[in-house]
Amino acid sequence: MKTLEVKIWMLRKGIRQAEVAAELGVSRPLVSMTIQGTARNRRVLDWLKDHGCPEEYLEYPRGKRP
């Protein structure tokens, strides 16, 4: 996961991790851990991709890349 790039992308788009969590109905720590690469939550990754985050910034679980 390219954590810094994802955070910069979110900042430029005005997207907060809390907003992602609320929209998906998941915890804020899960969103944060997914962005940091310590978790690989498919719903969070898909949300980021669907909202325009470049795929090369995201790290999907092995064999689960869209």
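Please read all numbers here as calculations on a predicted model, not as lab measurements. Positions are given from 1, in the same order as the sequence printed here.
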Checklist line | Pairing residues for Glu19 by the side chain to side chain donor-acceptor pair (under 3.5 Å) criterion, not counting sequence neighbours | finding: none
Please table the atom pairs, donor to acceptor, closer than 3.5 Å between any side-chain atom in residues 27-40 and protein atoms at least two apart or in another chain.
from	atom 1	to	atom 2	distance (Å)
Ser27	OG	Leu30	N	3.2
Ser32	OG	Gln36	NE2	3.1
Thr34	OG1	Leu30	O	2.8
Thr38	OG1	Met33	O	3.3
Arg40	NE	Glu59	OE2	3.0
Arg40	NH2	Glu59	OE2	2.1

Check: Among Arg16, Glu5, Gln17, which one satisfies side chain to side chain contact (heavy atoms under 4.5 Å, CB included) with Met10?
Finding: Gln17
Next item on the list: Name all residues meeting the side chain to side chain donor-acceptor pair (under 3.5 Å) criterion together with Trp9; count only those two or more places apart in sequence or in a different chain, and write none if there are none.
Entry: none
Note to self: Through direct or indirect side-chain contacts below 4.5 angstrom among Ile, Leu, Val, Met, Phe, Trp and Tyr, which residues connect to Ile8?
What the structure shows: Leu4
Check: Tell me the ring-ring contact (aromatic ring centres under 6.0 Å, His included) pairs involving residues 11-53, sequence neighbours left out?
Finding: Trp47-His51
Next item on the list: Might you point out which heavy atoms bring Leu45 and Leu58 nearest each other, and give the distance in Å?
Entry: O-CD1, 3.7 Å
